[in-house]
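Only one structure is covered here, and it is reproduced in the block below.
Worth knowing before you read on, the calculation uses all heavy atoms, side chains too, and leaves out hydrogens, waters and symmetry mates. Quick note on labels: first sequence line is chain A, next is B, and so on, each numbered from 1.
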Amino acid sequence: MSKPIRAPTWVSRRRLFEDKLWALHKCTNINHLKQVHAFVYKFNLHKDPFVARKLISAFSSCRQMVLALNVFNQIEEPNVHLYNSMIRGYSENFQSSLAFAIFFEMQSCGVLPDNFTYPFLLKACCGQSWLEIVKMVHTHIEKFGFSADIFVPNSLIDIYAKCGSSGVNYAKGLFNVMVERDIVSWNSMISGLMRAGELDEARKLFDEMPERDTISWNTMLGMYTKAGEMNMAFEIFKKIPERNVVSWSTMVSGYSKSGDMQLAGLLFDKMPVKNLVAWTIIISGYAEKGLAKKAIGLYDQMEKSGLNLDDGTIISILAACAESGFLGLGKRVHESIEKNKFKCSNQVCNALIDMYAKCGSLDAALRVFNEMKKRDLVSWNAMIHGLAMHGHGKKALQLFSRLNKEGFAPDEVTFVGVLCACNHAGFIDEGKHYFYTMERDYGVVPEIEHYGCMIDLLGRGGRLKEALRLVHSMPVEPNAIIWGALLEACRMHNAVGLAEEVLNHLVELEPTDAGDFNTLSNIYAAAGEWGGVPNVRLRMKNTCTQKPSGASSIELDAEFHEFTVMDTSHPKSDGIYEMVNGLSQHIKQVGYVPVACC
DNA sequence: CTAGGGTTAG
């Protein structure tokens, strides 16, 4: 047997390179990609449409649309596949207008769209504001006759249903006139109805559909878990012929959201296959409920099981930590990020800022904020609000003016933070200034949240009449939060008459809240009008159900300690009360006047 | 083209 003749080096290199080209769609490493790009030039292949298409898709999936466009521009007469790849790239990278620009360009160059073009283009249209454009694309499709390919009307149904409540009617219209429907048409329609809140209609279609796959079953499962109907969900779950990891994690998520961590944990343990999403759901669930040991234990297990964290996991767990004040796990997540040299997206940084701020570590929040290269409005809003919440009103307002200087346009969320800062710091005049100029100078129309902040601010400052006048001038109906803020102001300033009026409004809105009646009886008591108290108690008995009392919690060394009013259950209760009494003596000495309470 | 986790507003 003779030895095989070795190919010349350039042939083997070329073969190697061809293998790389074939694997390009899997390539997510931008440096490898750039290497391949260099090879392409070396072998003068950059004008080959096939090679160019591979490169464009690879650059798109690495979110490098500028590089993708460079490749595209090398081609003198791009074919329909190349145009499609560019449209898809822009759509998937949320650059909708550029996707449409390419679509228009291909038409002016006389290249006809094909059945792949529209699903890609439609992906760029999501949200209520796109409905009119989707209708135009729909007309275009009918004109060119591509609705024969089932992919095209299926995408239309999906995208129509994502265009808000009126969009779903267009989805229904299309679904009803479709001659041939496949399982995806049914699934898309059902999930669209579900998103629009038409649950009965969704269930009806589910029962009617000729055959169901796991996606159909999981859609129904998601519908019931989101509605908090865990019994119905479990009925569905039992009937699913082939459960997959999504079926299981939907159930775990449902139990976790309904507050039943025991069942959630039980189901999680039984899951035959656990993926990153499943771990995320269970850890976030425990973290949000403050079940620190469980959450940390599972987080360790997840890291040990060799799964790589992704954006979704990090953001979700951090949000849960922010909710419960679980700084311990939040820090652990931050450490993992740094240990793994995880490249933080803005969303991740923003979640970190929010977590640190809500857990009271403002220094850490500021550190993340300051180290960000390209802050977005969410970063500013989270930081401003974090400072405001902790009473650093001045710093929050300074940050607001810095935001303006750096050319950002504040939005409605920013102003909630700004007004909150004024509120916590007692800056009544500044608050009024921002409230009355937000629309004039920044084009942000005040919403009910902003009115709420203002009424709280005026009320706390004792300007009850002004607060009441603002309530009556509101363009929307005042809600329970508004009246509640006013009632609280009445309590602080012993305004008996106004309190009675406010309570009447509150009872209409939320007849179940005992806390409001308590507040009123406290007001009577503080004003010395003890005659009013039994009356209130009677009304309370007739109209109220007991609300669970509020609790404060703190986490120390992965252990949560919870406290409610008059609580003596903590093992170190005596010492804690001793400290509290000492502190309240101390703050009285430095001038704090406590509010009357009975 | 269809199903599960996801940053800012009390």
What I want to check is whether an N or O donor and acceptor connect the side chain of A:Asp213 with the base of B:dA3 at under 3.5 Å.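 No, no donor-acceptor pair under 3.5 Å.
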Quick check: any donor-acceptor pair below 3.5 Å linking the side-chain of A:Asn275 to the base of B:dG4?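 Check passes, donor-acceptor contact within cut-off.
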Which salt bridge (charged side-chain N to carboxylate O under 4.0 Å, His left out) pairs, counting each pair once, include a residue from residues 352-368 of chain A, with sequence neighbours left out?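 The answer is A:Asp354-A:Lys358.
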Sequence neighbours excluded - salt bridge (charged side-chain N to carboxylate O under 4.0 Å, His left out) pairs with any residue from residues 167-191 of chain A: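 Salt bridge (charged side-chain N to carboxylate O under 4.0 Å, His left out) check on residues 167-191 of chain A returns A:Lys172-A:Glu198.
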Let me have a per-nucleotide readout for nucleotides 5-10 of chain B, 5' to 3', with B, S or -, counting only protein heavy atoms under 4.0 Å. BBBBBS
Euclidean distance, atom [atom1] of residue [X] to atom [atom2] of [N] [Å, nearest integer]:
X	N	atom1	atom2	answer
A:Arg88	B:dC1	CZ	C1'	12 Å
A:Ile141	B:dC1	CD1	P	14 Å
A:Asn84	B:dC1	CG	C1'	15 Å
A:Asn218	B:dA3	CG	C1'	5 Å
A:Met194	B:dA3	CE	P	8 Å
A:Trp217	B:dA3	CH2	C1'	14 Å
A:Asn187	B:dG4	CG	P	12 Å
A:Ile87	B:dC1	CD1	P	14 Å

Taking 4.0 angstrom as the limit, do A:Glu92 and A:Arg88 come out as a salt bridge?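 Salt bridge present between A:Glu92 and A:Arg88.
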Inspect the contact between A:Asp200 and A:Lys204 and indicate whether a charged nitrogen and a carboxylate oxygen are less than 4.0 angstrom apart.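 Salt bridge flag = no for A:Asp200 with A:Lys204.
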What are the residues of residues 153-161 of chain A, sorted by number, that bring a heavy atom to within less than 4.0 Å of DNA chain B?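 The stretch gives A:Asn154, A:Ser155, A:Asp158 as the residues lying under 4.0 Å from the strand, ordered by number.
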Among side-chain atoms of A:Ser188 and A:Asn154, is any donor-acceptor pair under 3.5 angstrom?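 No, A:Asn154 and A:Ser188 have no side-chain donor paired with an acceptor closer than 3.5 Å.
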Do any side-chain atoms of residues 268-277 of chain A form donor-acceptor pairs under 3.5 angstrom with protein atoms, and if so which ones, sequence neighbours left out?
from	atom 1	to	atom 2	distance (Å)
A:Lys274	NZ	A:Phe268	O	3.4
A:Lys274	NZ	A:Met271	O	3.4
A:Asn275	OD1	A:Val277	N	3.3
A:Asn275	OD1	A:Ala278	N	3.1

Are A:Val378 and A:Asn346 side-chain neighbours, meaning at least one heavy-atom pair lies under 4.5 Å?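 They are not in side-chain contact.
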How would you label the contact of A:Asn244 with the nucleic acid (heavy atoms, under 4.0 Å): base, sugar-phosphate, or nothing?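 Counting heavy atoms under 4.0 Å across all strands, the contact made by A:Asn244 includes a base.
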Donor-acceptor contacts under 3.5 Å from residues 474-482 of chain A side chains, at least two apart:
from	atom 1	to	atom 2	distance (Å)
A:Asn479	OD1	A:Ile481	N	3.2
A:Asn479	OD1	A:Ile482	N	3.1

Verify whether the ring centers belonging to A:Phe116 and A:His81 lie closer than 6.0 Å.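 No, the ring centres sit 6.0 Å or more apart.
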